[in-house]
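Take a look at the structure below.
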Amino acid sequence: MTIYWEIVVSSFSSHHNIMNYLAHLFLAGDQPDLIVGNFLADMVKNRYQDVLPKGVLDGIRLHRQIDSFTDAHAEVKKGMRRLYADHHKYAPVVIDIFYDYLLYQNWKRYSEETMPNFKKRVYAVLLDAFAIIPEPFQARTRSMVEHDWLASYSTLEGIEYTFDRLQRKVSRPEDLEDCVVSLERDYELLNEEFNRFFPEVLEMVKAFQ
């Protein structure tokens, strides 16, 4: 998730306005604290440092390292530059959503765990951690589980709905017109770039300490 995307969505209240969960939750692996930290990272501010467990803070730190690595990656920049012509300053937002969609499409390439099992496991971790999740984010956490937000990544219809919701919140909604058209037009290039980028972010995460 790019820094700009975090700024854009920081004031949004609808769960469909924030997509970049899938990749971060996947990259958190099987450690519950890292999963919780990756989930919370775009919501919590530094004032929560004293109340969250160290493992969760490590997950937040991992999330931000993933963001920095992604923003600097040449393959990601290629897609962002191509999308800029149609979507201008929202190109980073658009590519974040596209990449989570592409992870869903390429799931079996990167995971031996089925998507239903992955979602069940992640949702269970978040519910188990409910007591340590700061109160302002508990409703969002519960809603994510109850409404299966991660399923939004699986279809073009889900992606389109997300962009429709985003258009109601941004200053230049016209720049988010026809995002699914852009995805379908550039799908092969985006998919190739994603599949060159994603193995490298996986390696980066393996080295995280």
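The structure displayed is predicted, hence computed values, not measured ones.
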A41 backbone acceptor or donor facing R64 side chain under 3.5 Å: yes
T155: side chain to side chain donor-acceptor pair (under 3.5 Å) partners, not counting sequence neighbours: none
Approximate separation, where rounding is to 0.5 Å, of I97 CD1 and F163 CZ: 3.5 Å
Connected via hydrophobic side-chain network under 4.5 Å: Y84 and M80: no
Transitive ILVMFWY side-chain link L127 to L150, under 4.5 Å: yes
Test salt bridge (Lys or Arg N to Asp or Glu O under 4.0 Å) applied to R196 and E75, step by step: CA-CA 7 Å; R196 287 192 290 266; E75 296 296 336; 3.1 Å; yes
Rounded distance (nearest 0.5 Å) linking atom CD1 of I66 with atom CG of D71: 11.5 Å
Beyond-backbone contact of D86 with D175, side-chain heavy atoms, under 4.5 angstrom: no
Side chains of Y90 and S171 in contact at under 4.5 Å (non-hydrogen atoms): yes
For C179 against H87, the heavy-atom pair lying closest together: SG-CE1, 3.6 Å
Minimum heavy-atom distance F26-Y110, with the two atoms named: CZ-O, 3.4 Å
Close side-chain approach of R142 to L126, heavy-atom, < 4.5 Å: no
Sequence neighbours left out, cut at 3.5 Å: what donor-acceptor pairs do the side chains of residues 198-208 make with other protein atoms?
{"residue": "E200", "atom": "OE1", "partner": "H73", "partner atom": "NE2", "Å": "2.8"}
{"residue": "E203", "atom": "OE2", "partner": "K206", "partner atom": "NZ", "Å": "3.2"}

Salt bridge (Lys or Arg N to Asp or Glu O under 4.0 Å) contacts in which one or both residues fall within residues 105-116, not counting sequence neighbours: E113-R121
Residue pair L34 / G55: nearest heavy atoms and the distance that separates them: CD2-O, 3.9 Å
Polar side chain donor-acceptor pair, H24 to D67, under 3.5 angstrom: yes
R172 and E177: CA distance, side-chain angles, deciding distance, salt bridge (Lys or Arg N to Asp or Glu O under 4.0 Å) verdict: CA-CA 10 Å; R172 292 184 56 85; E177 291 284 349; over 6 Å; no
T141 side-chain N/O to F137 backbone N/O, donor-acceptor pair under 3.5 Å: yes
pair V180-E157: side-chain heavy atoms closer than 4.5 Å: no
Audit row: N191, D186, side chain to side chain donor-acceptor pair (under 3.5 Å) steps and yes/no: CA-CA 8 Å; N191 195 48; D186 294 338; over 6 Å; no
Working for side-chain contact (heavy atoms from CB on, under 4.5 Å), residues L156 and E160: CA-CA 6 Å; L156 290 175; E160 187 162 27; over 6 Å; no
Check: A23 main-chain N/O paired with D100 side-chain donor or acceptor under 3.5 Å: yes
Within-4.5 Å side-chain heavy-atom neighbours: Y99 and F197: yes
Minimum-distance pair of heavy atoms, taken over all atoms of N38 and G59: ND2-O, 3.3 Å
Main-chain N/O of K78 paired with E193 side-chain donor or acceptor, under 3.5 Å: no
Atom pair OG (S154) and CD (Q105), whose distance is rounded to the nearest 0.5 Å: 7.5 Å
From CA spacing to verdict: side chain to side chain donor-acceptor pair (under 3.5 Å), Y101, S152: CA-CA 8 Å; Y101 174 79; S152 300; over 6 Å; no
Verdict with reasoning, L176 to H88, per side-chain contact (heavy atoms from CB on, under 4.5 Å): CA-CA 9 Å; L176 288 174; H88 308 291; over 6 Å; no
Trace of the side-chain contact (heavy atoms from CB on, under 4.5 Å) decision for I60 with L57: CA-CA 5 Å; I60 292 171; L57 294 175; 4.2 Å; yes
R165 side chain reached by K169 side chain, heavy atoms, under 4.5 Å: no
From L102 atom CG to L183 atom CG, the distance as rounded to the nearest 0.5 Å: 6.5 Å
Donor on one side chain, acceptor on other, D148 and Y123, under 3.5 Å: yes
Residue pair L83 / F98, side-chain heavy-atom distance below 4.5 Å: yes
Distance-only donor-acceptor check, side chains Y187 and S182, under 3.5 Å: no
Nearest non-hydrogen partners of V76 and I95, listed with the distance: O-CD1, 3.5 Å
Taking every non-hydrogen atom, the tightest pair across I132 and L52: O-CD2, 3.5 Å
K77 side chain to T70 side chain, donor-acceptor N/O pair below 3.5 angstrom: no
Nearest-0.5 Å distance that lies between atom OG1 in T162 and atom CD in Q167: 11.5 Å
L25 CG to L103 CG distance, which is reported to the nearest 0.5 Å: 10.5 Å
Note, S68 side chain near H63 side chain (heavy atom, < 4.5 Å): no
